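Notes for the one structure printed next.
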Amino acid sequence: GHKAKRGKLSGEYEDGKKETEESILHEISTDSETEDEHKPKSNSAKRKRVSSPVEQDPNEAYFSNPYIKVLKWEWFTDSQKESRVLPIEPYLLYQGRIIDRPGDPKTPGKGSSFTARTKTPQSILERARADAENDTSSPVQQRSNRKLGQIGGGRVSAPFQTTPHSKRAALLHQTTSEHDLGQSSDLPEMPPWVQNDVKYACQRSTHADPPNAAFIAQLDKIKLARLLTGDEIGVRAYSTSIAALAAYPHKLSTGREILLLPGCDAKIANLYVEFANYGKIQEAEDAENNEELKVQKLFYNIWGVGATTARDFHKEKGWRDLDDVVEYGWQTLTRVQQIGVKYYDEFLLPIPRSEVEDIAATIHKHAVKLRDAGIQSLVVGGYRRGKEHCGDVDIILSHPDESKTLNIITDIVASLEQESWITHTLLISTKTSDRGQQTLALNSSSTHGHGFDSLDKALVVWQNPHYTPSTSNPSDPKPKNTNPHRRVDIIISPFKSGVALQFSLTSLRKS
DNA sequence: CGGCAAATACTG
DNA sequence: CAGTAT
DNA sequence: GCCG
């Protein structure tokens with residue numbers, strides 16, 4: 001019977017024994033808990049949205065200048081109340097712009113080239129300015145460079161010692177390459193987030209395909225190795241450096257350039273030099289080809305299996321592939337892990353943007369049906385970052401009337417299940433609605449005073465139920481839906497929160 | 001040289 | 001509580 | 001592995 005189980009995993013359910021498949025389905029019992037008997041009725045828009053008269057944008061002048069503006073939150077709520085775009089002037093807390101580097105010949109002007117309406121941000125810019133000044137000299141002590149050992153020799157730790165008196169370690173001198181310690185003048189201008197010491201990755205723009213993607217891919221391999229071996233510190237170190245590299249808009253030309261990026265130091269710079277010279281990084285290749293890591297990566301790719309469990313499967317249980325998991329461990333898997341195994345291959349398939357859009361549209365449609373047209377939805381994640389193919393679908397739903405988002409996640413999942421779009425619910429979180437109900441019952445005042453920032457969400461398995469029966473066997477009495485199963489995250493956000501606010505501002509300004 | 005992302009929720 | 005996920 |  002073991003070989004029969006093999007068949008399940010290769011995805012040939014249809015020609016396999018029906019009995020087997022059913023037993024699997026039974027064992028899984030993954031159908032989401034929400035019963036479809038109570039179909040949520042659509043709230044036929046009792047409350048139509050007041051359409052505001054088309055009017056001149058009172059803030060045109062403000063938005064046409066290059067200054068960054070910070071407004072009081074009340075501007076938004078008041079605008080909402082009046083259903084029109086209020087002038088921002090009375091709400092303006094601060095406006096300013098990023099100044100250029102002090103030494104920059106392009107800006108002979110004074111340093112105080114920003115207009116502070118309040119004193120708050122001053123210190124930040126002062127700090128940035130100070131940093132920039134201190135940074136003008138080369139971070140590398142060129143004179144005292146130590147010649148370090150050959151890079152590709154397999155010794156990874158020895159060459160990377162930090163020179164005692166400089167913070168930055170010297171880079172390996174590679175005479176055969178232009179990817180060397182360059183002159184201090186040939187570095188490209190650092191993007192603002194480097195110069196200004198921007199602290200959070202979310203403040204940098206992200207690119208779908210950064211200029212240094214190939215190098216980043218190598219670092220990702222090392223990071224994965226750190227992950228699988230339980231080296232959490234290493235994971236974090238590589239994560240931060242990769243994040244900085246991914247936001248870096250220039251093609252790297254010298255290793256020294258990397259030292260200027262936050263989270264990047266000698267190790268990463270040396271890896272870059274190796275990459276630039278040989279087109280690959282030995283440590284990354286080794287990690288990728290490592291047999292143990294290959295097995296553990298296989299398990300790690302099961303949804304619901306993390307590094308710890310992947311290692312356990314391999315080293316404690318002694319399993320070596322998915323068949324072993326099914327044969328010897330099926331009953332010990334959690335419910336979501338069984339789902340993860342069942343759709344192992346499909347979850348790894350990339351999702352084309354067009355399909356992401358289709359899925360989002362379907363979800364939006366159901367949300368509108370369940371509430372009203374005030375529903376706003378926004379696809380985030382890989383799609384929003386412009387990726388051609390996405391690993392999953394992340395969609396945020398919101399509504400200006402917060403009461404309309406109450407329990408909506410439950411309703412949406414039920415509705416989509418009933419129409420067979422959602423095949424499984426991996427996880428559903430209703431904490432926010434739970435708490436919201438309590439406070440709402442007490443405070444009849446609607447919007448204010450809640451401190452929770454968690455979001456209702458559902459992580460589900462999605463499959464397009466509309467399929468064309470296989471052409472090979474059109475008379476099949478029970479044709480099979482071969483549309484791939486997708487991972488979809490539906491997130492409910494209070495309208496007030498950032499993402500919702502962002503696109504509400506966009507639409508307001510367009511009106 | 002020591003410390004190390006943040007917050008939150010579900011599952012078993 | 002440990003593990004996993006967002 | 002980086003940072004203070």
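The structure displayed is predicted, hence computed values, not measured ones. Just so it is clear, the values below take in all heavy atoms, side chains as well, and ignore hydrogens, waters and symmetry mates. A note on names: the letters A, B, ... follow the listed sequences, proteins ahead of strands, and every chain is numbered from 1.
- For the pair Gln337(A) CD and dG3(C) P, the computed distance is 12 Å after rounding to whole Å.
- Ring-plane geometry between Trp193(A) and Tyr248(A) is classed as perpendicular, the angle between the planes exceeding 60 degrees on a 0 to 90 degree scale with a lower cut at 30.
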Nucleotide N/O to protein N/O under 3.5 Å, stretch nucleotides 1-3 of chain B:
none

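- Atom CG in Leu455(A) sits about 12 Å away from atom P in dC10(B), given to the nearest Å.
- Heavy atoms of Thr430(A) sit under 4.0 angstrom from primed sugar atoms or phosphate atoms, though from no base atom.
- The stretch residues 400-420 of chain A participates, sequence neighbours left out, in no ring-ring contact (aromatic ring centres under 6.0 Å, His included) pair at all.
- One atom, CZ of Arg487(A), and another, C1' of dT6(C), lie 9 Å apart when rounded to the nearest Å.
- A search for side chain to side chain contact (heavy atoms under 4.5 Å, CB included) contacts involving Ala225(A) returns Ala287(A), Leu293(A), not counting sequence neighbours.
- Heavy atoms of Leu427(A) sit under 4.0 angstrom from primed sugar atoms or phosphate atoms, though from no base atom.
- Put simply, the side chain of Asn483(A) never gets that close to the backbone of Pro465(A): no donor and acceptor are under 3.5 Å apart.
- Across all strands, Ile491(A) comes closer than 4.0 Å to no nucleic acid atom at all (heavy-atom distances).
- In this structure, the side chains of Gln337(A) and Thr309(A) come closer than 4.5 Å at one or more pairs of heavy atoms.
- Counting to the nearest Å, the P atom of dT6(C) and the CZ atom of Arg384(A) are 19 Å from each other.
- In this structure, CD1 of Ile339(A) is placed 11 Å from P of dT11(B), rounded to the nearest angstrom.
- Within a heavy-atom distance below 4.0 Å of DNA chain D, no residue of residues 294-315 of chain A is found.
- Between the P atom of dT11(B) and the CD1 atom of Ile428(A) lies a distance of 10 Å, rounded to the nearest Å.
- Contacts of residues 212-229 of chain A with DNA chain D (heavy atom under 4.0 Å): Arg226(A).
- When heavy atoms are screened at a 4.0 angstrom cut-off, Gly234(A) is found touching no nucleic acid atom at all.
- The side chain to side chain contact (heavy atoms under 4.5 Å, CB included) search around Asp286(A) returns Gln282(A), not counting sequence neighbours.
- Put simply, CG on Asn270(A) is 11 Å from P on dG1(D), counting in whole angstrom units.
- Of the listed nucleotides (dG1(D), dC2(D), dT6(C)), dT6(C) has the atom at the smallest distance from the side chain of Leu459(A).
- Not counting sequence neighbours, the partners of Ser239(A) by the side-chain hydrogen bond (donor to acceptor under 3.5 Å, both in side chains) test are Lys223(A).
- Applying the side chain to side chain contact (heavy atoms under 4.5 Å, CB included) rule to His314(A) yields the partners Glu292(A), Val295(A), Gln296(A), Phe299(A); only residues at least two apart in sequence or on another chain are considered.
- The side-chain hydrogen bond (donor to acceptor under 3.5 Å, both in side chains) test applied to Glu232(A) returns no partner, not counting sequence neighbours.
- Comparing Lys457(A) and Thr334(A) by the nucleotide of DNA chain B whose heavy atom lies nearest to each, the residue mapping closer to the 5' end is Lys457(A).
- The side chain to side chain donor-acceptor pair (under 3.5 Å) pairs that include a residue from residues 358-368 of chain A are His364(A)-Ser377(A), His366(A)-Ser415(A), His366(A)-Glu419(A), where partners are two or more places apart or lie in different chains.
- Residues satisfying the side chain to side chain contact (heavy atoms under 4.5 Å, CB included) test with Asp489(A), not counting sequence neighbours, are Asp392(A), Asp394(A), Leu459(A), Arg487(A).
- Considering only side-chain N and O atoms, Lys267(A) lies under 4.0 angstrom from the phosphate OP1 or OP2 of dG1(D).
- Distance noted for atom P between dG4(D) and dA6(B): 15 Å (whole Å).
- Following rounding to the nearest Å, Ile268(A) (CD1) and dC3(D) (C1') show an atom-to-atom distance of 14 Å.
- Between dC10(B) and Arg335(A), no contact under 4.0 Å exists linking OP1 or OP2 to a side-chain N or O.
- For Tyr300(A), there are no ring pair (Phe, Tyr, Trp, His ring centres under 6.0 Å) partners at least two apart in sequence or on another chain.
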